[in-house]
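Protein chains get the first letters and strands the later ones, always in sequence-line order, with residue 1 at the start of each. Source: prediction; values computed, not measured.
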There are 2 protein chains.
Amino acid sequence: MSQEFMLGLADVGNQNAAYLETIFALSNGHIGVRTSELIKQKKTSGNPGAFVNGFYDTHPITYGEWAYGYARKHQTIVKLPNIRQIRLIVDGESSDNADWSVKTIRFDLDMKSGVLNESYYVVINREKEFELHQTSFVSFAQQEIYATHFEITNMNFTGEISIEKKIEFDQGKKDLLEEIDPRVASSSSELNVTREKENDYVVTTENSQQKIRITHLFLDEEDRLINNEFISFDVTPDKKIVFDSFSLISEINQLVVNTAGLDFIELLNQQKQDLANFWQTSDIELTGDSILQKGIRFNLFHLFQNAGRNEKTNFAAKGLTGEGYEGHYFWDTELYMLPFFIYTQPEIAKSLLSYRHYILPQAKERASIMGQKGALFAWRTINGEEASAYYPAGTAQLHINADISYAFQLYERVTGDENFIQEKGLSVVLETAKFWLSYGNWCIKEGKEVFCINGVTGPDEYTALVNNNYYTNKMAQNNMKYAAELARRYAALTTQEIEALEKAVSDMYLPYDKQQGLIKQDDSFLEKALWPFEKTPKENYPLLLNYHPMIIYKYQVSKQADGLLAEMLFPSDYTREQILRDYEYYEKVTTHDSSLSRSIFSVLASRTEQKAKAYQYFMDTALMDLTDLQGNAKDGIHAANMGGSWLSMIYGFAGLTCEKDQFILRNHLPKEIKELKFKLTLFGNIITIELKDNNISGYLLEKNTNIKVSHVDNQLVISRLK
Amino acid sequence: MSQEFMLGLADVGNQNAAYLETIFALSNGHIGVRTSELIKQKKTSGNPGAFVNGFYDTHPITYGEWAYGYARKHQTIVKLPNIRQIRLIVDGESSDNADWSVKTIRFDLDMKSGVLNESYYVVINREKEFELHQTSFVSFAQQEIYATHFEITNMNFTGEISIEKKIEFDQGKKDLLEEIDPRVASSSSELNVTREKENDYVVTTENSQQKIRITHLFLDEEDRLINNEFISFDVTPDKKIVFDSFSLISEINQLVVNTAGLDFIELLNQQKQDLANFWQTSDIELTGDSILQKGIRFNLFHLFQNAGRNEKTNFAAKGLTGEGYEGHYFWDTELYMLPFFIYTQPEIAKSLLSYRHYILPQAKERASIMGQKGALFAWRTINGEEASAYYPAGTAQLHINADISYAFQLYERVTGDENFIQEKGLSVVLETAKFWLSYGNWCIKEGKEVFCINGVTGPDEYTALVNNNYYTNKMAQNNMKYAAELARRYAALTTQEIEALEKAVSDMYLPYDKQQGLIKQDDSFLEKALWPFEKTPKENYPLLLNYHPMIIYKYQVSKQADGLLAEMLFPSDYTREQILRDYEYYEKVTTHDSSLSRSIFSVLASRTEQKAKAYQYFMDTALMDLTDLQGNAKDGIHAANMGGSWLSMIYGFAGLTCEKDQFILRNHLPKEIKELKFKLTLFGNIITIELKDNNISGYLLEKNTNIKVSHVDNQLVISRLK
C-alpha cells in the first residue's frame, strides 16, 4: 500500500522538463517550488522557478477600447528564480560549463511524508564519478522553510567538490506579444533585488511594491551554519559527504526569517507527522486499481500542499505549481476545492474562507464601481481587486458571490462552527446578498412579477451576457436565503431588509421549459441552434481557441456543466426524473472544454445510477495531470479538477449529500471499484465510511454524543444531535 | 440670401481654438485642413493638422485577454502637421518669438464658393503695423491642391517682411494612457519623413508603409515659382504685397504632384463653379429662420466637402476635419450620408459605394475568419480590415452588411443605374446575403421553424449580443431579398441558391409582442427592467461614460433608434398605428446619446404627423456642431448627424419615400418652417420640390420623357416611365 504513496518518473504522463516541474512541485501553501533539474548543466530546459502565495505584481490592463468600470490592473503572481538548483564545481570544473554525464538513479515523491528523494550518478569526463542524493521538502511546520539534505557518496577520486546555491534573477522574460493562449499568464514582472548579504536577498515587486526576503544557507557536516551561497569539501574515494541547505522565504512584507536552530532531521520528522495527520483524516482508499489509487493520492496531496493557510491567501487555480491563469484565485476554491477541505481539513477550509472576509472591502468597492449595493467579489484576483480583463467571461460571472456564500454555508453545516460564521461569514453573506437585491430586477415573466437577474454569465463560458442564467439565479436565491437566515439569527438587518431578501427568494425566477420538462440554462439557451458538432473536427477543441466568441455564443453549446451544477449542489430540490432529463439534454451540448466539467457529470451520473457514465467521467479526469490529458500541466496543476475527483468519489460514488444537520450517503460504486474507504470530519468527529459490494457502513473512531450514525434503507444517515 | 452662405466667428458655438479648427476646416474629400491659427505666435493652442483621406497607420491592438478572431490592428488616420500656418518675420523679428498684437478683421467661410477669407491687423511693438489677408481653399478641381492667396497691405513702415511656410513634423504626441474616451483616437503615429528638397517631403507611415508627397511652394507677385519654404519682400508704406502659396499633397503611394502651371485665379474660378454646381442640385432653401438656413447649408457644405471621391476612400465619421473615431468609416456612410448623395450627388454616391466593392476581398476574408461564408464588412475600418477592438459594439454589429446592400439598392432605385449595380453592386449584395444564410440559423419560435439571427448587436449599442435584433433581421431579410432579385436578373446564382435565399426571406423571424402590439427590439428587450431614468442625474449622460456596459445592457435603454430605424427605412411595411405605438414606447427608453438618433425620431414624427416633435428633434440636431451641442466638435464634425438633418427635412418634412420606380412626397412642414425648397435628382432628372403652406409641388427643369410628376391626394408622386 505504501507504494501507492510513492510517485516516480514511471508514473507520469511524459518526461518533458516543464511538465515534470509541475507534477513533482513541492508546496506548503506559502512557498511553491517547481521541481526542475537539480544540477545546473550546460543545456537546460523547462520553466523552473518558485512562487510565494500572494506575492504578485500589477500591470495596467490595456484594452483595445476602454469602457467605464473595467478592471484596471493585471495581477500576476511573481515567478521567483529557481531556488532548487545547485551548481557543482569539481576540482575547478563547473557543472554548467562542461558536458557531464548525469544519470538519475532515483526520483521519488514520497507523498506519505511530503518529501522528494532524488539520487544522481555523475560522471565527469569519463573519469571522476560520484553519487549525489538529495532529500527535500517544503515544511508545513515552518512555512518559510524549503529544506534539503545532501549526501555525496561513492567518489572514485580525491579532490574538491563545491556546491553553489545562488539565486539568479536575470532569467529570460517571455515574449509577451507572442502569447495568445488566454489561459496562460499575460505579463511578467520586473523585480528589484537588494542583496544585503551574499546569501540574503530582499525582493521588491516593481508596481505592487510587495517585499519578501529570501535567505539561502548551508549546514555543514557538523551542523555549523555556513552563511554563504557556497560550500566546499575535500573528498576522497568512498568518503561520504553530508550537509543540509535551507532556503527561507519570509512572509510578504515581513522580511523576517529565523536562521537559528535549523535542524533538518527535526523538521523532517515534523513533516512526516504533519503528513501522517493529513492522511489520517483525508486519505481515500480505493481497491481495484493501484494506478488510480496512486492518482487519487496525488490529487489529494496537491490539494493539501497548495492551499493558502494564512487567511490572507487562497488557492490559485494552479496552486503554487505554475503560473497559469496568472496565479489567480477563482470560484474554483469554493466550488471545487473547499468541499474536500470542509469535510476533511476544516482548519484549512476556515483559512481559505477567511481570505474572502479579508478581501470583503475590495468586493464592496467593486460593487460600488458597478453602481450597486453590497459586495461583488472579483471573478479573478489575488489582492481582492477585479483582474478579469474580458468582462463577459469575467466580472459578468456574478455567481462567484453566491458560490462564496454557499461555501460558508456548507462550512457551517459540516463543522457547526457558528462562531466563525458570526465573526466572518455573516458580513460576507449579507453583503453578497445585498448585491443581488441591488443588481436583480423585478420583471414580468409569464404574466407574473418575478425577481430576475439579467445580463450575466453563468459557469458555462461558451454562453455570455444572458438573462436569468439558471445556475446564477438558483445560487443567488440560496445566497439571499442564507443571508436572511443569518440576519434573523444575529439580528443583523432590519425586518424590512430581511423581508426584502425573502421576497426575492420566494419570487426568484428560475427558467424552465414546461413543454420539454427541462430547466433552461438561461432565458434563450434552448431557443438557439445546436452547435454543429458533426462538422467540428477534433482539433477544433477547445472551441475557445478556434472560434470567435460571437460564433460560440450564438449556439447551444456549453463548455461545462451549468444548470446541472445547480442540481448537483441542491440535490433535494430536484427529482431523479428531472435530473435525468436535464442530464440527457445538456450532456449532448457540453464539450467539457473546461476541466471543471466532467466531475460534475460524474457526480450526477452516480446519483442517478448511471454507473458506467459516472465511472467514465471520473476516470477521464481523475488522472488528468498524471497523464497530462490536456497537455498543459506544464503551466501548473488543474487544482479544481483534483477537487472534482474528490467530489466524483464522495458526492458521487458515496452519494454524500448534506441537509440541515443531516448527512446522507449511499453506495453508488461502479463495478470497477471494489471498495472505497474514506473519512469525513463532521462537527469535529471523524467518521470512517466504507463502501463494499452493495453495502455502506460508517463508524465513529471515538464515542461521541453530538452525532448519530444510522442505516436507513441502504443509506447511511449521520445526524447531529442537539 | 447670400449672407446665409457666409459663416463667420459670430455664427458658431464658441471660440475655442480646437473647435474653430473643426468648424472652419476645409476639405475636398482627399485633403482636409483644420483651420487653425494662421500666424504662428509665441503661444498657441488648439489641435492643428491636416488629413489625407485613406492615409493611416496601423498598430497592434492590445487586449486584456485575447480571443480567437479578434481584430488584430488599430487603423488610425494620420494627422499630418499643420500645412496652413505661416511664420512672419518682420525686420528680423519673428512672429513666434515676440508678443505681437494680432487682431482678426475678417474671418468668413464662404460656403457658396468653398473659400475661406481671413484678414488680420498686426501691430509689432506698438510701432509697425500692417494688414494680412488670406484667401484659401482646397480645390475640388485638382484634388491635390491646397491654394492660398495672400495680400499684405497698409504697412506703416519701410523694411522687410518674410513669410515662412514650413512643415513641422515634431509636434507633440498625446499621452495615450490618459485617453479614456472610447470615441477619440486611441493611438498616434510615427512618421518617417524624407525631405527631398527644402519644400518637398515624402512621408511614410511606420507600420502601414503608405507614402505621400507634400510639396509647398510660393508664387511671387509676378507669378514666378518660388520653390522654397520662404519668401521675402521689401515693403514701404501703403505698398501692397501680393503672392500665392500652394501645398500639394499627392495621391497615396503615387508621390506625383504637378507644380507646373499653377494659377490661383483660375483655380479659384473653377472652385466657384464647382460649388455653384453643387448648390445648384443640393441646396435646401428654408424660409422662416435665417440661422437655421445657414446651419443647414453648413451641414450640406461639410457633407459635400468631406466625401471621398476616388472609389478607394469613403466618408469618415468625422470627415477630414478631425481625428475622432480614428478616421474610421462606419455604417454612417450608408445610412446617414448616402441618401443625401444618392438623391442629389449621384456621382459621389457611386464613388462611396465603389469603395465597398473595393474592400470586398477584405470582407470575404473577415467572414472566413468568423467561420462563415460570403462577406462580412468591417464595423469600422479604413483599409477594409476589421478595426473594432470591442467586438460586442463592433464586429457584432453585423447589420452593416445589410446597410451596405440597402444603399446599393437605394442607389439603383434613384438613379436607375443598372450598369453600376451589375459591375459593383451585384457581388457586394450577393456576398453579404450569403453571409446571412451562413450566420443565421433555423430555430423553432412559437412552434414554427423560422430563420433566426442570434448573437448580434443592433444599432443601439446600449444593448449587445442579443438574439433576433429586429433591425438586423429586417435588414438582413431585405439584403437577401435584393440578392435573390439581382441573382435572378443576372443569372448569378443557381436556382437552388436563390431558393435558399428566398426561403430565409419568407421565414425570417421578426420579433413582435402581440399583447402590446409592439415590435421587439430583440428577443429579450421588452422583458428587461426599465432603466431608472428618474435616478439618473444629467451629468451621467452619455451613459457609456458613466456605467459599466454590463449595467447598461441589462436594462431597457437605447442609445439611439433601433427598431424604429427599420420602420423609417421600410415605410410601406408598417401602418401608421404600428409606428405610433412603437414610437411612443421606444422614445421613452431612448437617451439619444448617439448623434445618429434624433434625426430618425424626427423623420418618423413627421410621417406620423407629430409635427411639434418632428421640429423639436430636428432643431436639437440641425445645429449640433454649429452650437457645439455635444461639446466634442473639436474632435471633428458629426457627419452622420449632418446627413441626418437632410433626412429630417427630406424624408421627414417632405415625406419622401421610395418604392420601386416611384417616389412619393407629402407636406409635413412644421409650423415654424414657412417654406422648404430643394431639388432631387431622379433617374438623371433634376426635380425642384417646393413645400409651402399645406401644398407641395414639383417640377422638372427640363422636358423629359422618362419621368412623370403628378399630384395625387395631396401627395406628389414621381414615377419612372419605362
Side-chain angles (χ1 to χ4, degrees), chain A residues 60-71 74 177 179-182 186 369-372 387-396 398 439-445 452-456 464-468 523-524 527-530 543-555, chain B residues 60-71 74 177 179-182 186 369-372 387-396 398 439-445 452-456 464-468 523-524 527-530 543-555:
Chain A
I61 304 178
T62 309
Y63 294 93
E65 215 175 297
W66 167 262
Y68 180 90
Y70 274 12
H74 287 293
L177 284 177
E179 185 62 77
I180 62 161
D181 185 341
S186 67
I369 290 168
M370 298 296 286
Q372 308 300 312
S388 67
Y390 175 61
Y391 79 84
T395 296
L398 306 176
Y439 189 89
N441 296 106
W442 291 92
C443 300
I444 306 293
K445 301 288 268 189
C452 289
I453 305 175
N454 291 335
V456 305
L465 298 180
V466 293
N467 300 329
N468 297 305
D523 278 358
S524 70
E527 293 184 358
K528 295 191 281 188
L530 293 167
L543 302 180
L544 83 158
L545 297 185
N546 297 287
Y547 297 90
H548 192 287
M550 274 183 66
I551 303 299
I552 298 174
Y553 295 170
K554 83 184 176 91
Y555 285 102
Chain B
I61 303 178
T62 309
Y63 295 93
E65 214 176 297
W66 166 262
Y68 179 91
Y70 275 12
H74 287 294
L177 284 177
E179 186 62 77
I180 62 162
D181 185 340
S186 67
I369 290 168
M370 298 296 285
Q372 308 300 312
S388 68
Y390 175 61
Y391 78 85
T395 295
L398 306 177
Y439 190 88
N441 295 106
W442 290 93
C443 300
I444 306 292
K445 302 287 267 189
C452 289
I453 305 175
N454 292 334
V456 306
L465 297 180
V466 293
N467 299 329
N468 297 306
D523 278 358
S524 70
E527 294 185 357
K528 295 192 282 188
L530 292 167
L543 301 180
L544 83 157
L545 297 185
N546 296 288
Y547 297 91
H548 192 288
M550 274 183 66
I551 303 299
I552 299 173
Y553 295 169
K554 82 184 177 92
Y555 286 102

Do B/N441 and A/K554 meet the criterion of a side-chain donor-acceptor pair at a distance under 3.5 Å? yes
Honestly, the part of B/Y390 sitting under 4.5 Å from a heavy atom of chain A is both
Residues that B/A389 engages under side-chain contact (heavy atoms from CB on, under 4.5 Å), provided they are two or more places apart: A/E65, B/I61, B/Y63, B/H74
Specify the closest pair of heavy atoms between B/N454 and A/A529, including all atoms of both residues, with the distance to one decimal. ND2-N, 4.4 Å
So B/H548 and A/Y70, would you call those rings parallel, tilted or perpendicular, with 30° and 60° as cut-offs? tilted
Shortest non-hydrogen contact from B/M550 toward A/L398: CE-CD2, 4.1 Å
Which one, B/S388, B/A396, B/A464, B/G371, leads in non-hydrogen pairs under 4.5 Å with chain A? B/A396
Separation of B/I444 CD1 from A/E527 CD (nearest 0.5 Å): 10.5 Å
Calculate, to the nearest 0.5 Å, the distance between atoms OG1 and CD1 belonging to A/T395 and B/I551 respectively. 10.0 Å
Let me confirm one number: the NZ-SG distance from B/K528 to A/C452, rounded to the nearest 0.5 Å. 12.0 Å
Heavy-atom pairs under 4.5 Å with chain A - which of B/I369, B/V456, B/N546 has more of them than the others? B/N546
Max heavy-atom pairs within cutoff under 4.5 Å with chain A, candidates B/Y547, B/W442, B/Y439, B/Y555, goes to B/Y439
Search all heavy atoms of B/P549 against all heavy atoms of A/Y68 and return the closest pair with its distance. CD-O, 3.6 Å
Can you list everything that forms a side-chain contact (heavy atoms from CB on, under 4.5 Å) with A/L530? Sequence neighbours excluded, please. A/Q556, A/Y585, A/V589
